[in-house]
Amino acid sequence: MMSDGLVIHHLSVGPLQVNCFLVACPKTHDAMVVDPGEDGDRILKLANQEGLKIVKVVNTHCHFDHIGANRQLIEATGAELLLHAADQPLLAQARSQAATFGLSAEPSPEPDRLLDQGDTFDVGELTFKVFHVPGHSPGGICLLSEGHLFVGDVLFAGSIGRTDLPGGDFDALVSGVRGRLFSLPDETIVHPGHGPDTTIGQERRMNPFVGDRA
Ligand SMILES: [Zn+2]
Ligand SMILES: [Zn+2]
């Protein structure tokens with residue numbers, strides 16, 4: 001998919017069907033991988049087919065289903081790993097997190113850079129802005145560039161992330177979505193960590209947890 005100067009490829013990865021995004025600058029062909037939960041071989045093959053150079057891996061948060069191929073991608077490409085400091089404890093607990101679901105997980109390398117509210121980073125000539133929205137996990141972040149917002153498990157089409165896992169906080173999640181994400185333009189395209197895309201306007205109007213009617 002090519003839109004508004006952003007190249008976006010989507011893969012559904014792992015047993016929990018995480019949306020992994022390969023997002024690239026159309027000019028330089030530098031790319032970042034958002035949430036490589038598993039299936040590193042498929043992600044690398046796709047990048048190779050498309051002629052993209054993976055320079056960054058970004059975890060919207062560090063639940064095991066979003067980080068499982070971090071190590072493989074970073075070892076294969078030398079990409080930098082970026083995530084929020086408040087989820088570093090989760091990163092270190094990938095194995096035990098997965099075990100509670102009866103699954104296994106590959107430990108991740110440590111991050112190269114920690115991101116926080118208002119930070120920016122570049123991928124080629126694209127600039128991404130970071131929104132910190134805790135509540136699904138303490139270090140949940142959303143990434144905005146060119147009208148596209150990658151939200152992990154913060155916000156879904158018609159729902160929000162669960163808040164019953166360790167570090168979860170329903171009130172923080174609701175106020176973070178309303179305060180930080182719903183100030184974005186209605187037409188902003190939202191790419192959640194599971195399930196279909198949506199828009200900020202759609203969720204502001206219709207979402208039963210955080211929308212106007214909640
Ligand atoms: Zn999660
Ligand atoms: Zn998830």
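Just the heavy atoms: all of them, side chains too, but no hydrogens, waters or symmetry mates, feed the values below. We count ligands from 1, going down the list as the structure has it; atoms in each ligand are counted the same way.
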Inset, instruction - Classify the ring geometry between His66 and His194 as parallel (under 30°), tilted (30 to 60°) or perpendicular (over 60°). - result: perpendicular
Inset, instruction - Give a rough value, rounded to 10 degrees, for the angle at the Zn ion (ligand 2) between atoms NE2 of His66 and OD2 of Asp153. - result: 100°
Legend entry - Sub-6.0 Å ring centroid separation between His191 and His148: yes
Inset, instruction - For His61 and Asp153, test the side chains for any donor-to-acceptor distance below 3.5 angstrom and give the result as yes or no. - result: yes
Inset, instruction - For the Zn ion (ligand 2), find the closest N/O/S atom belonging to Asp65 and write down its atom name. - result: OD2
Legend entry - Vertex the Zn ion (ligand 1), arms to His63 ND1 and His61 NE2, rounded to 10°: 90°
Inset, instruction - Flag His194 as yes if one of its N/O/S atoms falls below 2.8 Å of the Zn ion (ligand 2), otherwise no. - result: yes
Inset, instruction - Could you pull out the atom name of the N/O/S atom in His136 that is nearest the Zn ion (ligand 1)? - result: NE2
Inset, instruction - Give me the one residue out of Gln93, Arg162, Gln97, His136 that meets side chain to side chain donor-acceptor pair (under 3.5 Å) with His63. - result: His136
Legend entry - Non-hydrogen atoms of Leu114 and Pro111 that approach each other most closely: CD2-CG, 3.8 Å
